There are 2 protein chains.
Amino acid sequence: MIMGEKYNKFSKYFVAIDCVIFGYEDGDLRLLLYHRGFEPAKGQWSLLGGFVGDEESSDDAAHRILKAITGLEDIYLEQVQVYTNPKRDPEGRVMSIGYYALIRVDKHNSDKVRENGAHWWSVKGLPNLVFDHQEMVDNALHKLQQKAGLELVGSELLPDKFTLLQLRRLYEAIFQRELDTGNFRKKVLSLNVLERLEEKNTTESRRGAYYFQFKKGVTDKSFDRLGKF
Amino acid sequence: MIMGEKYNKFSKYFVAIDCVIFGYEDGDLRLLLYHRGFEPAKGQWSLLGGFVGDEESSDDAAHRILKAITGLEDIYLEQVQVYTNPKRDPEGRVMSIGYYALIRVDKHNSDKVRENGAHWWSVKGLPNLVFDHQEMVDNALHKLQQKAGLELVGSELLPDKFTLLQLRRLYEAIFQRELDTGNFRKKVLSLNVLERLEEKNTTESRRGAYYFQFKKGVTDKSFDRLGKF
DNA sequence: CCAAAAGTGTTCTCTCTACACCCATGA
DNA sequence: TCATGGGTGTAGAGAGAACACTTTTGG
């Protein structure tokens, strides 16, 4: 700020939050979208959003909004970027801070979500989105891919215990391409962040696959780079 | 105004821009910092900033501000993130969108810069910065490192022609560690984006080193990954 | 038996890294 | 001559990709 004193001569703007909410279910990477019940763009699909309040940071606002709709606290959230095109919202000048969230579908309050007219959509077949929300989704997916390439995501999206097949399907959904079974297994296990349980899952294969879970107390910094997927 | 009829119950905020301006000179990665001539935090050092105007996007605002102070258009700019802590500016609620810029020191208007009380500081020895500006610098440097690891930066920071020693020193400054001469040379040349000129620079070594320049018409997408530095 | 996933092993290729080594030249 | 950077080459370690193969078990 090179201009002086008070800021009164400058304009103020509405600042909103829009959340790209990722969930993983039935082998599908999904987004939680809302059917807008109000103008502008009433009846179209949009991301979950809200406005930033006087006493909160945008991170706080995003957590507040997510908790209200999913019932969950401690959600993984990351800022994507701000969208400031003066014409992005036809109703007025609103800047929007994009976030992406990773949700444990098995733990969220699905009744509340349904009541609010929300619906999980597969990222492979999204409806037309309102305003610049498709761009937000694209940017968010890119950020998620970066994160997943740098560390093993899973605890934020999968149930507590999961098979390597489920983990691989998650990665295939994130990167939108198929991964080699053997190579994936070796790479993931070499990271030394998973522990095998004695229990097996027999619903997805004849032979049955061991369940795994994330080791406790793994600092998230146990590996610098997960490599290329 | 028509604007915001529907949003009237929500608050509006000042939205500022703060730019982390990187330049490279004398083997040093430097930042352009301003001595604040006004309250709050008068007399301290800060990033170059300004407020977003009614009819412009934040990208536009950042370009406008940078042009006003450096005389340059077509500056490489990238959004870092938004800073929204309600207490970040003691004078009032101001959200700030952080950007980083790469400047050709040899082309910028150094007189204008000096008139405004600005000064280039080496990133290795920055003064105390105002508000959360140090955090912005850290985040910006991290983003720059990411970019430099994905593609060959250089044309945005170096003169049109440069030696591989100068390019290596730039990378050493960005990553803040020493790089192997031979390996750096091989990696960089293998990207096939530089062309050697016939001219040599004899000021930095006895033997003299060939100048290189970026090939014309290289799409910036000529390589997916520069690898690990 | 067959299909499908579980799980292991092998080979080839490429990249990164750490050096060694010669060249050219001004002080 | 020596120091310094310019420039080239090489051997080893490790990661990634492709793929073969064996195991298990419900239908």
Side-chain angles (χ1 to χ4, degrees), chain A residues 26-27 145 148-152 154 158 161-213 222-229, chain B residues 26-27 145 148-152 158 161-175 177-213 222-229:
Chain A
D26 298 335
Q145 288 173 345
L150 243 45
E151 63 184 71
L152 195 59
L158 293 172
K161 58 185 186 186
F162 49 85
T163 64
L164 291 183
L165 174 61
Q166 293 165 340
L167 185 60
R168 179 164 53 86
R169 295 260 188 263
L170 169 61
Y171 263 77
E172 291 179 337
I174 291 175
F175 289 99
Q176 309 196 2
R177 63 190 181 84
E178 295 198 346
L179 301 172
D180 182 273
T181 321
N183 294 338
F184 182 81
R185 162 182 291 272
K186 272 175 291 188
K187 190 187 289 185
V188 161
L189 291 180
S190 74
L191 295 172
N192 210 31
V193 295
L194 297 183
E195 58 189 357
R196 200 180 78 176
L197 305 178
E198 284 316 305
E199 200 181 347
K200 279 192 170 190
N201 168 320
T202 52
T203 65
E204 288 177 304
S205 72
R206 316 287 192 211
R207 181 175 171 180
Y210 283 110
Y211 278 116
F212 286 79
Q213 68 184 12
S222 329
F223 37 88
D224 275 344
R225 163 185 235 141
L226 206 148
K228 222 174 141 178
F229 272 102
Chain B
D26 298 335
Q145 288 173 345
L150 243 45
E151 63 182 71
L152 195 60
L158 293 173
K161 57 186 187 184
F162 48 85
T163 64
L164 291 182
L165 174 62
Q166 292 165 339
L167 184 60
R168 193 180 87 237
R169 295 259 188 265
L170 169 60
Y171 263 78
E172 291 179 338
I174 290 174
F175 288 99
R177 65 190 179 84
E178 295 199 346
L179 300 172
D180 182 273
T181 320
N183 295 338
F184 182 83
R185 160 181 293 271
K186 271 174 292 186
K187 189 186 290 183
V188 162
L189 291 181
S190 74
L191 296 173
N192 210 31
V193 296
L194 297 183
E195 58 188 357
R196 201 180 78 176
L197 305 178
E198 284 316 305
E199 199 182 348
K200 280 191 170 190
N201 169 319
T202 52
T203 65
E204 289 177 302
S205 72
R206 316 288 192 209
R207 180 176 172 178
Y210 283 109
Y211 278 115
F212 286 80
Q213 68 184 12
S222 331
F223 37 88
D224 276 343
R225 164 185 233 140
L226 209 147
K228 220 173 142 179
F229 272 102

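Throughout, a chain's letter reflects where its sequence line sits, starting with A, and its residues are numbered from 1. These figures come from a predicted structure and were not determined experimentally.
When rounded to the nearest whole Å, the span between CZ of Arg169(B) and P of dG6(D) equals 8 Å. At whole-Å resolution of the value, CD in Glu204(B) and P in dT25(C) are 17 Å apart. Rounded to whole Å, atom P of dG7(C) lies 11 Å from atom CZ of Arg168(A). Across the protein-nucleic acid pair, Lys200(A) atom NZ and dA6(C) atom P stand 10 Å apart, rounded to whole Å. Between the CG atom of Leu179(A) and the P atom of dA6(C) there is a distance of 14 Å, rounded to whole Å. The interatomic distance linking Glu178(A) (CD) with dA17(D) (C1') rounds to 15 Å, in whole Å. Across the protein-nucleic acid pair, Leu165(B) atom CG and dG7(D) atom C1' stand 12 Å apart, rounded to whole Å. Rounded to a whole Å, the CG atom of Leu167(B) is 13 Å from the P atom of dG7(D).
Within the cation-pi definition used here (under 6.0 Å to the ring centroid, within 45° of the axis), Arg196(A) qualifies as a partner of Tyr210(A).
Each of Gly208(A) and Thr181(B) was assigned the nucleotide of DNA chain D with the nearest heavy atom; the assignment lying further toward the 5' end belongs to Thr181(B). Between Phe212(B) and Arg206(B), the one whose closest nucleotide on DNA chain D sits nearer the 5' end is Arg206(B).
Ring-centre distance between Tyr211(A) and Phe162(A): not below the 6.0 Å cut-off.
With dT4(D), dA4(C), dA18(C) as the candidates, the nucleotide lying closest to the side chain of Asp180(B) is dA18(C). Minimum atom distance to the side chain of Asn183(A) is reached by dC19(D), of the listed dC19(D), dA4(C), dA6(C). Of the listed nucleotides (dG7(C), dG16(D), dT25(D)), dG7(C) has the atom at the smallest distance from the side chain of Tyr210(A).
Judged by distance alone, the side chains of Gln176(A) and Gln145(A) never bring a donor and an acceptor atom under 3.5 Å apart.
Side-chain N or O atoms of Tyr171(A) include none that pairs as donor or acceptor with a backbone N or O of Phe184(A) at under 3.5 Å.
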**OP:** Go through Glu151(A) and Leu191(A) one step at a time and tell me if the side-chain contact (heavy atoms from CB on, under 4.5 Å) criterion holds.
**Re:** CA-CA 9 Å; Glu151(A) 63 184 71; Leu191(A) 295 172; over 6 Å; no
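The phosphate of dT8(D) has OP1 or OP2 within less than 4.0 Å of a side-chain N or O from Arg185(B).
For dT10(D), the base has a donor-acceptor partner in the side chain of Lys186(B) [N/O atoms by modelled type, under 3.5 angstrom]. The base of dT23(D) is paired with the side chain of Arg207(A) by a donor and an acceptor separated by under 3.5 Å.
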